[in-house]
Amino acid sequence: MSTRLDIDWRNWKPIPGNVFDSSPQEVAPFIVGCMLLFDGIGGIIVETEAYDQTDPASHSYRGCTPGNRSMFGPPAHAYVYRSYGVHWCLNFVCGPEGYGSAVLIRAIEPIVGLEKMQQRRGLQDPRLLCSGPGRLTQALGISGQHDGLPLDQHPFVLLQPPVPQSIATGPRIGINKAVEKPWRYGLAGSKFLSRPFPRRPG
DNA sequence: TAACCGATTAGCT
DNA sequence: GCTAATCGGTTAA
């Protein structure tokens, strides 16, 4: 059983590398709705968060260290870090080189390679495969050895949809500082979010 | 000791 | 169907 069989992939195009020269607050909403494949397996990005060096919640806030050096490297590269000792989390480095900014990939809708993802995750439910930053790296087989890899070549593939997506925003998840920054972006109503977006007052 | 989390459990609609 | 609370676990400050 698969999803999104209605999509015509012929109209999807590679994401230009210079997209990642922009700020993480611009890149994060842009890549929501884009297709992410790693070694031929993946799906549609449905949730992201922006981080930059001025942000107390960012790994780059206190400058470059051995653990976060990829964040200060060239844009359009991966920053993969270990979270809570056990999980891996995938970020896309953006902004001018040395700026220390990145976009955290928080959730994808699994499309390609369902069986492999289910095997790696040890469960069947598509909604639990990639709905969380640690879950999606396990499903795609991404770990610390992939830190620093360029996003515009194998094993990465990034495609943008022919039509821009409608993006919801909200506060980021799992942080205690700069909680008020609405730097979480996603497809509101998607069943593959790590958590739903708060309903806007109105 | 705090951190960009996941799995499980308990309780709600 | 959903949300909140708890706890294990490694790293770096």
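Sequence lines set the chain letters: A, B, ... in the order given, protein chains first and strands last, and positions in each chain run from 1. The model shown is predicted, which means the values in this text are computed figures rather than measured ones.
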How many Å lie between [atom1] on [X] and [atom2] on [N], as a whole number?
X      : N     : atom1 : atom2 : value
A:L104 : B:dC5 : CG    : P     : 7 Å
A:L128 : B:dC5 : CG    : P     : 17 Å
A:N68  : B:dA3 : CG    : C1'   : 14 Å
A:W88  : B:dG6 : CH2   : P     : 15 Å
A:Q138 : B:dG6 : CD    : P     : 10 Å
A:Y84  : C:dT6 : OH    : C1'   : 13 Å
A:I142 : B:dC4 : CD1   : P     : 19 Å
A:R135 : B:dC4 : CZ    : C1'   : 15 Å

Distance to the ring centre below 6.0 angstrom and angle to the axis at most 45 degrees; does that hold for A:R127 and A:F192? no
Regarding [X], tell me which of base, sugar-phosphate or nothing describes its non-hydrogen contacts under 4.0 Å with the strands shown.
X      : result
A:R172 : nothing
A:P196 : sugar-phosphate
A:R127 : sugar-phosphate
A:S194 : nothing
A:R195 : nothing

Among [options], the one nearest [X] by side-chain distance:
X      : options               : value
A:K177 : B:dC4, B:dG6, B:dA3   : B:dA3
A:H87  : B:dC5, C:dT10, C:dA13 : B:dC5
A:R121 : B:dC4, C:dA13, B:dA7  : B:dA7
A:N176 : B:dA7, C:dA13, B:dA3  : B:dA3
A:M71  : B:dG6, B:dC4, C:dT10  : B:dC4
A:S58  : C:dG9, B:dA7, B:dC4   : B:dC4
A:V86  : B:dC4, B:dA7, C:dG9   : C:dG9

Using a cut-off of less than 4.0 Å, is there contact between a side-chain N or O of A:R106 and OP1 or OP2 of B:dC5? yes
Side chain A:E47, main chain A:L187, donor-acceptor under 3.5 Å: no
So, taking the atom named CG in A:L193 and the one named SG in A:C130, what distance separates them when rounded to the nearest 0.5 Å? 12.5 Å
Could you measure the distance from the OG1 atom of A:T137 to the OH atom of A:Y81? Nearest 0.5 Å is fine. 9.5 Å
Only pairs with both distances under 3.5 Å count, Watson-Crick or wobble alike; so what is the partner of B:dA2 in this structure? C:dT11
Could you please name the partner base of C:dA4, counting Watson-Crick and G-U wobble pairs only when both distances are under 3.5 Å? B:dT9
Does the pair A:R10/A:D8 count as a salt bridge with the N-to-O cut at 4.0 Å? yes
Between A:D55 and A:R172, is there a side-chain N and carboxylate O pair less than 4.0 Å apart? yes
Would A:Y81 pass as stacked on B:dC4, i.e. its ring centre under 5.5 Å from the base's six-membered ring centre and planes under 30° apart? no
